[in-house]
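All values derive from a computational prediction rather than experimental measurement.
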Amino acid sequence: MAWAARVVAVVLAVVSPVLVGAAMLIFAGLPEEWRLPVMATPLTAAGVTFPAVGAFLIAHRPRLKLAWLMCVGGIGGAVYDFCQVTALASAERGDLALAGLLRFPAQVGWAACTLTLEILLPLYSPDGRLPSRRWRAVVLLGVVSVGAEVARKFVRPDPPLEDSPLPAVIPNPLQIPALAPYDSAIGVLIWTGIFVAIPLAALSLLPRFRRADPVGRRQIGWPLSAFAVYIVFMLVGVVAPELVWLSILWAALIPVAMVFSVMRYRLYGIDTIISRAFVAAGLLAVVGGVYFGVAALSSLMVSGFDRIAGLAAALFTGAFFQPLRRMLQRVVDRLLYGPVGDPRVLAERLVQEVRRGDPAQALASVIGVLREGLAVQGVAVEVTGGEPGSQVSVASTVSGQVGDSPREVPLVWHGERVGRLLVGPPTPRRFPAAHDERVLATLVPYAADVAHALRMAADLQRSRERILTAREEERRRLRRDLHDGLGQTLSGMAMTVNMARLSLKTSPEAADGLLRELRSGMDAVTGDIRQLVYGLRPPVLDDLGLAAAVQALAGPAHPGGPATEVSAEGELADLPAAVEVAVYRITQEALTNVRRHARATRVRVELRREPEALRLLIADDGVGMPPERRLGVGLTSMRERTAELGGICLINGGPGAGTTVEVTLPVPAARAPQAGQHRTAPIGEPSAP
C-alpha cells in the first residue's frame, strides 16, 4: 500500500499547482468589473507548496499524518481558488446558476485548507499526536467553527446588488432568506471562534517545547516559529489589507519549516536563524526610528537645510549601529542560550580562570567553562603521557557523567595529540546549543594548551623521579662494583704481597712469580677503574673536548652510510659538565637512529654557542618520520636529558622530508666568545689545508 500512497501524493502534488495556475489564467482573462479586489490569498500559496512538500514527505514516510494533512490542505486551497474563479467566469458568461453551484466546492476547499493547515497541522506537529487530551477542545472548536462557517455560506441569503462588488449577484440555491437579519452577527461569532482556534493551535507547540529534550526543541522550533510569524502576518493583513501579501508569502514558506522539523536527522540551526532574524529586525526598527527621529528633529532645528539634517541623521545612526548590534546580539543570545551565548566571552572567562592556578586547577576550570558553555551533563578531559606506551595519566570530570557514548574531540598541540575531550549528552534547557561547534572551535585550543602544560608538568615530575632513582641506582652499582669487584681484587693483591714478603728470603723465584701475578692484578684494577670512570663521564670529552668528541662520534663514513658534516661555532671550552654529557649522549643517540632507520645520504650536525644557550642541530635527508609516530626509548631519552637541564628538544620531520632534532640548552654566558667558526670537513672529504 505504500506505493499507492506515494502515487496519490504525487497526483495531488501535480494537480494542485495545476489548478492554481489555471485559476490564475482564468482570472487574468476576466473583465475588470468581474475581478475580485484580491485574488491571491494564503490558500493560493498553500495550493502551490503544501502538496509538493507533503508528497516529498510521504515518499520517505508513507504513514506520516502531517504529510497527508499538508496534501489535503493544499489541494483544498487549490480547489477553492479554481472553483471561485470558475464561478466568476461562469457568471461573466451569464450562467449564474452554474456559478452558484461552483461556490459550494469552493467553500468545501476553503474549509479543508483552513482546518487542516491552520488548526490541525500545528496541533499535531511534529510527531502526529496531540500534546495532551486537553487539546481536543481546540480541535473541536476548530471543527465546529469552520464547519459552521461552511454551513453559513451554504445557506447565506443573497446580498442586495448595491452591496455586491460584482455587476450581478451570484444566486445561492440553498439560501434561507429568514437568516438575513442575523447573518452578520453569526459571521462575527463564527470568525471569533476561528481566530481563537488558530492561535491556540499554534500555542500548543509551547508545552511540547518545554517538555522536549534539546533535539526535540530544535525540531519543534521550526513549526513554532513558522506558525507564530504567520499568525502575526495574518493579523497585520486584517488590520492593513494592503499588507496581506506578507501572510501569502510566509504561507508558502511554512512547508519548508515542516520538512526541517519532520526530518529530524537533517535539522538545521533554527536558533541561529532566529537569532539573526531578531537582531536584524531590532536593528531595522531601532535604526529606522533613530534615523527618522534625528532627521525630524534636525529639520525642525535647522529648517531649510535638508542636507544637513540628512547628514546628521546618518552620522548619528552610524555611530550607534555597531553598539546596538552587539547589545541586541547579547540579548538574543541570553534568551536562546541563557547566561552563556558568546564563545568569545567564554574564552575571556577561560583565560582569567587559567591564570589563577596551576595546570591541574586550570584544567578543572576549562572543563567547567566547557560544560557550562555547551550545556551538557558532563565533560571529561584525558591527558595522555609523553612516553611511549603510556596510558591515561590525568582524567577529570566535573559535576556530571559523560555517559556511555560521549562525543570525543581530540586535543592537539602543535600537531601532537596530547589528549582527548569527552562531551556528554546535552541537558534540557530553553533552546538547543546550535552554537556548540563554535564553542568547541573556540575553546578546544585553550584546553589543548592546558592539557599540554599538565602533561609537561607530569613529565617533569616523572623525569625528576627518574633522576633520583637513577642516581640511587648508580650509587648502588658503584658500591657493588667497588665492593664486589675492586674491593675483592685489592684484598687478593694484599694477600699476594704478604706471601711475596714471606717467600722473598727463602724462595726468591716464588716471590718473583707472586710479584708478576700482582702486576697483572694491578692492570685488571686499572681497567676496572677506567670502566667505572667511563660510566660516569665519557673520557673523550676530557681528552678531546666537546667539538672533537662529536666529530669522533661522526667517525669515518661506513660503506653505503651517510656522509656526516660537523660544524661548531663559538666558545665550547667552558661549558658545564652536565651540558657536555647531555649534548654528547643526544648526538650519539641521534646518529645511531640515523644509521639504523633513516636511510639518509647526508647528515648535518651543528653546534652553536650563543650568549646564554647552546644549540644543537642534527638534520638528515632520510625517509623522515611516519605520520602516526610513537616515541621510542631513544627519542624519549633525548627529551628527558634536555628536560633535566631545563632545555627544549624539538623533533620534526614528515614522510620523505628527513628528520631534524633541534636541542636548546641554557648555559652561562661565555667568558670569551669567539667570532670565528670552526668547521670540520665532511667525513670522506679532505680537509682544507
For a quick test of reading the model, state the closest non-hydrogen atom pair linking P255 to V53 and the distance between them. CB-CG2, 3.4 Å
Holding to side chain to side chain contact (heavy atoms under 4.5 Å, CB included), I want the full list of residues that pass it with A252, two or more places apart in sequence or in another chain. A45, T49
What side-chain donor-acceptor pairs closer than 3.5 Å can you find for residues 9-33, not counting sequence neighbours?
from, atom 1, to, atom 2, distance (Å)
S16, OG, G47, O, 2.5
S16, OG, G74, O, 3.3

Donor-acceptor contacts, no H, no angles, side chain residues 99-115, under 3.5 Å, sequence neighbours left out:
from, atom 1, to, atom 2, distance (Å)
W110, NE1, T114, OG1, 3.3
T114, OG1, W110, O, 2.9

Determine whether I75 and F50 make a side-chain contact, defined as any pair of heavy atoms from C-beta on separated by less than 4.5 Å. no
Do you know the tightest heavy-atom contact between L96 and I170? O-CG2, 4.2 Å
Taking the side chain as every heavy atom from C-beta outward, state whether L421 and V423 have any atom pair closer than 4.5 Å. yes
For Y230, all residues meeting side chain to side chain donor-acceptor pair (under 3.5 Å), sequence neighbours excluded: E118
Sorted by chain and residue number, the side chain to side chain contact (heavy atoms under 4.5 Å, CB included) partners of P131 (sequence neighbours excluded) come out as W135, S204, R208, R211
Given side chain to side chain contact (heavy atoms under 4.5 Å, CB included), test W68 with V8 step by step and report yes or no. CA-CA 10 Å; W68 286 108; V8 172; 4.0 Å; yes
Find the distance between CD1 (I190) and CG (D183) and round it off to the nearest 0.5 Å. 8.5 Å
Is any side-chain heavy atom of M70 less than 4.5 Å from a side-chain heavy atom of P51? no
Heavy atoms of V169 and P159 approach each other most closely as CG2-O, 3.6 Å
So how far is it from I198 CD1 to L203 CG, rounded to the nearest 0.5 Å? 12.0 Å
List the atom of G142, the atom of I119, and the distance in Å for their closest heavy-atom pair. CA-CD1, 3.6 Å
Could you tell me the separation between the CG atom of L66 and the SG atom of C71, rounded to the nearest 0.5 Å? 11.0 Å
Find out whether L422 and R407 are in side-chain contact, i.e. whether some heavy atom of one side chain is under 4.5 Å from a heavy atom of the other. no
Filter on side chain to side chain donor-acceptor pair (under 3.5 Å), then keep only pairs touching residues 140-151, sequence neighbours left out; what's left? E149-R152, E149-K153, E149-W191
I want to check something: taking the side chain as every heavy atom from C-beta on, are P157 and N172 in contact at a cut-off of under 4.5 Å? no
OG/S90 to CG/D95 distance, rounded to the nearest 0.5 angstrom? 5.5 Å
Approximate separation, where rounding is to 0.5 Å, of L130 CG and S125 OG: 10.5 Å
Mind listing the side-chain donor-acceptor pairs of residues 173-181 below 3.5 Å, one per line with the distance, residues two or more places apart or on another chain?
from, atom 1, to, atom 2, distance (Å)
Q175, OE1, D158, N, 3.0
Q175, NE2, D158, OD2, 2.9

Do the side chains of S247 and V236 get nearer than 4.5 Å, heavy atoms only? no
Which heavy atom in P122 sits nearest to a heavy atom in L117, and how many Å separate them? CD-O, 3.5 Å
